[in-house]
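Note that the numbering runs from 1 along the sequence shown for the chain.
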Amino acid sequence: MMSFVKSEKFQNTLKSVRSFFLTTEWMIMLCCLAGVFTTLGLQVYGTLVFGFIVALVFLLSDDFMATLLPFLLTVMISIHCYDSYNTFMQYKLLAIPLGACLILHFVFYWKPIKIQGSQFWPMVFVSASIVLGGLGFITAEEYLAPTSLYHMAGLGFGMVFLYLLFYANIETKKDYSLINMLTKIMVIAGLFGSFMVFSFYVININKVLDIRGLLFMQWRNNLSTLLMIALPFTFLLANRKSYATILGFVFFLAILLTGSRGGMVFGGIELGMCIVMYTLYDKRRRVAYIFICLFILLGVLIFFRQFIEFFGYTINRLFMAINEFLMGESSEVRAVHCARGINDYLNHPTFGTGLGYMGNRDVHASKEFSLCWYHCEPIQIAASLGTVGIIAFIVQFISRNMLIWRKVTLFNITVFISYIGLELMSLVNPGIFCPLPYLMLVTLLLVIVEKCDTGEYQERISLFKRRKMRKEQDNGNSKIVKIG
């Protein structure tokens, strides 16, 4: 058996399979299969099938990038399965073959893990604050509950281990660009997310025509968050492929159609950041961006009444929440949770109440295997982890941005906008406090940034290029020197 595995024929076949996992054709096939499960309403089975696809790819390939798209598709299929913890627990025995694939991957492709990377110590600081969260207040039962332990590990030292694992296994490649591969995967994932929204409207077109407005989606906030993570990469792709210029606007339309208030506001801010940055630094498509924006603006003005009527449900909910919050009379769950969170922090200012604290379930009864979210990252940090947690997360936020802006390139700017988009959504949702997929994606992006800064050629951008060039001319030097 071992002689067959080591044979040249088998190794060549395995090499071909691994290369196929990174092709556009394979990714399109995955999206088509995922589309079948979502349109037929077979999300539970789709999640299980794609879980096995992830495991199979992970077993056959030593390249972590090969598993990224099937993982993202698994997540997007599973977000339909709201409050389905008990449903999936019926298939818990399937975890055995999945775990076997995971173990075998590391048996075959293990690479030594060592302490490295600019984010290691900030992540350790955050992990320590999470372990200490609730010290002197939270009960042992709440602290050691499975839900609490999972989130403590996933947000803390478990994510530190994952960071080191990514750092040891992800390297720039000779046979493909890591930046281009990540961009392709994120754009394809965003296209599938958009398909989920558009197909939902097509399937329910009679209801849309009847109500002349948005359809309700329980999964609107999760899908909007995933689309916001992917959206900036459409602009990076457009820097190489002009046809992608329109995709960012398509993604934002899908976000609007979900009915997510956070998606409407923060997705709009994120899209605006992309337009500004790429209009400034992608000169070849500058006119295209301006023309598309003017065209969309003109369309909204012409059909303003119809626009307001169709998206009125989201707009009304948004302004009602803002008005109630300003009046101090909000019955909005998020506002009540924020008020409760501030009170929890003031009562337990050093270590907070702990992630496992469930004392606020009277405001909103969280679903099985979910924390009692405050639905706002700063409030969650302050209330759950206290002043120690606040300091730790500030240090980590500064460290992340220092890494991203250490080398100013279009790729790093794209990652920054994607990351900030997630942080913005986390102001009104659990967001980045969900280990899978959100915090894991941030961790992966930061590792890729660090690897590509040194291992892959990127043209630097000087944010103050024109100012520097003008100053040089004023000093009497007629020669223009390219900055960077």
- So do the side chains of K173 and D63 get within less than 4.5 Å of each other, counting heavy atoms only? yes
- Query: Any donor and acceptor pair, going by atom type alone, linking the side chain of S426 with main-chain N or O of L422 inside 3.5 Å?
  - Reply: yes
- Message: Going by ring-ring contact (aromatic ring centres under 6.0 Å, His included), name the pairs with one or both residues in residues 239-272, residues two or more places apart or in two chains.
- Response: none
- Message: Could you check whether F106 and F58 have their ring centres less than 6.0 Å apart?
- Response: yes
- Task: Could you pull out all residues at least two apart from R340 that satisfy salt bridge (Lys or Arg N to Asp or Glu O under 4.0 Å)?
- Result: D362
- Measure the shortest side-chain to side-chain distance between N360 and D344 over non-hydrogen atoms and say whether it is less than 4.5 angstrom. yes
- Task: Look up atom CD1 in I130 and atom CG in L155, then write down how far apart they are to the nearest 0.5 Å.
- Result: 5.0 Å
- For F20, all residues meeting ring-ring contact (aromatic ring centres under 6.0 Å, His included), sequence neighbours excluded: W26
- Query: For V44 and F37, what are the C-alpha separation, side-chain angles and deciding distance, and is it a side chain to side chain contact (heavy atoms under 4.5 Å, CB included)?
  - Reply: CA-CA 9 Å; V44 172; F37 285 113; over 6 Å; no
- Item | Sidechain-backbone polar pair: T245 side chain, A238 backbone, donor-acceptor under 3.5 Å | no
- Atom OG in S19, atom CG in D175: separation rounded to 0.5 Å? 7.0 Å
- Would you check if the side chain of Y201 reaches a backbone N or O of L257 as a donor-acceptor pair within less than 3.5 Å? yes
- Item | side-chain hydrogen bond (donor to acceptor under 3.5 Å, both in side chains) partners of residues 32-55, not counting sequence neighbours, each pair once | none
- Examine distances only and state if a side-chain atom of Q458 and a backbone atom of C452 form a donor-acceptor pair shorter than 3.5 Å. yes
- So, does S61 use its side chain to make a donor-acceptor pair with the main chain of V57 at under 3.5 Å? no
- For I390 and A382 the tightest heavy-atom approach is CD1-CB, 3.9 Å
- Message: Using side chain to side chain contact (heavy atoms under 4.5 Å, CB included), reason through N206 and D210 one step at a time and then give a plain yes or no.
- Response: CA-CA 6 Å; N206 290 332; D210 182 47; over 6 Å; no
- Item | Under the side chain to side chain donor-acceptor pair (under 3.5 Å) test, residues paired with Q218 that sit two or more places apart | none
- Query: Taking atom CE of M159 and atom CE of M123, what is their separation to the nearest 0.5 Å?
  - Reply: 6.5 Å
- Item | Min side-chain heavy-atom separation D62-F108 under 4.5 Å | no
- Task: Could you tell me the separation between the CE atom of M27 and the NZ atom of K184, rounded to the nearest 0.5 Å?
- Result: 4.5 Å
- Note on the structure: Closest heavy-atom pair, V54 versus T67, reported as atoms and distance to 0.1 Å, is O-CG2, 4.2 Å
- Message: Tell me every residue that passes ring-ring contact (aromatic ring centres under 6.0 Å, His included) with Y109, counting only those two or more places apart in sequence or in another chain.
- Response: H105
- Could you tell me whether the side chain of E270 reaches within less than 4.5 Å of the side chain of P232, counting heavy atoms only? yes
- Query: Which heavy atom of P430 sits nearest a heavy atom of H375, and at what distance?
  - Reply: CD-CD2, 3.7 Å
- Message: Set out, in order, the CA-CA distance, both residues' side-chain angles and the distance that settles side chain to side chain contact (heavy atoms under 4.5 Å, CB included) for R400 and E423, then state yes or no.
- Response: CA-CA 12 Å; R400 287 171 173 172; E423 289 282 8; 3.9 Å; yes
What side-chain donor-acceptor pairs closer than 3.5 Å can you find for residues 431-448, not counting sequence neighbours?
unit_1, atom_1, unit_2, atom_2, d
Y438, OH, N222, O, 3.3
Y438, OH, N222, OD1, 2.8
T443, OG1, L439, O, 2.9

- Mind checking salt bridge (Lys or Arg N to Asp or Glu O under 4.0 Å) for K451 and listing every partner two or more places apart, or none if nothing turns up? E171
- Query: What are the two closest heavy atoms between L231 and C274, and how far apart are they?
  - Reply: CD2-SG, 3.9 Å
- Any donor-acceptor pair under 3.5 Å linking the side chain of S399 with the backbone of V395? no
- Between S129 and V388, what is the shortest heavy-atom contact and its length? CB-CG1, 3.9 Å
- Would you find a donor on one side and an acceptor on the other, under 3.5 Å apart, between the side chain of Y163 and the backbone of Q119? yes
- Task: Please identify each residue that fulfils side chain to side chain donor-acceptor pair (under 3.5 Å) with R212, with sequence neighbours left out.
- Result: none
- Task: Measure from the side-chain N and O atoms of E456 to the backbone N and O of L178, and report whether any donor-acceptor pair falls under 3.5 Å.
- Result: yes
- Message: With side chain to side chain contact (heavy atoms under 4.5 Å, CB included) as the criterion, how do L72 and F192 come out once you've worked through the C-alpha distance, each side chain's angles and the decisive distance to 0.1 Å?
- Response: CA-CA 10 Å; L72 290 173; F192 178 74; over 6 Å; no
- Message: With ring-ring contact (aromatic ring centres under 6.0 Å, His included) as the rule and sequence neighbours excluded, what pairs involving residues 204-240 come up?
- Response: H80-W219, F200-W219, F235-Y278, F235-Y289
- Query: When you look at CD of E141, are more than 12 heavy atoms from neighbouring residues, nucleotides or ligands closer to it than 6.0 Å?
  - Reply: no
- Provide the closest heavy-atom pair for M358 versus S370 in the form atom of the first, atom of the second, distance. CE-O, 3.5 Å
- Message: Taking the side chain as everything from C-beta on, heavy atoms only, tell me whether F198 gets closer than 4.5 Å to V250.
- Response: yes
- Task: Examine distances only and state if a side-chain atom of S384 and a backbone atom of L355 form a donor-acceptor pair shorter than 3.5 Å.
- Result: no
- Message: Counting the benzene-type ring for Trp, do F137 and Y357 have ring centres under 6.0 Å apart?
- Response: yes
- Would you find more than 12 non-hydrogen atoms of other residues, nucleotides or ligands less than 6.0 Å from K111 atom NZ? yes
- Task: Please say which of I420, T414, I413 ends up in a side chain to side chain contact (heavy atoms under 4.5 Å, CB included) with I417.
- Result: I413
- Message: Side chains of M425 and S260, heavy atoms from C-beta outward: is any pair under 4.5 Å?
- Response: yes
- Starting at CD1 of I188, measure out to CG of L237 and round the result to the nearest 0.5 Å. 9.5 Å
- Taking side chain as C-beta onward, heavy atoms only, is F166 less than 4.5 Å from L162? yes
- Inter-residue atom distance F88.CZ - S78.OG, 0.5 Å rounding: 6.5 Å
- Note on the structure: In short, salt bridge (charged side-chain N to carboxylate O under 4.0 Å, His left out) pairs touching residues 240-269 with sequence neighbours left out are R261-E332
- Item | By ring-ring contact (aromatic ring centres under 6.0 Å, His included) - contacts of F310 (at least two apart) | none
- Validation row: M29, L33 side chains within 4.5 angstrom (heavy atoms): no
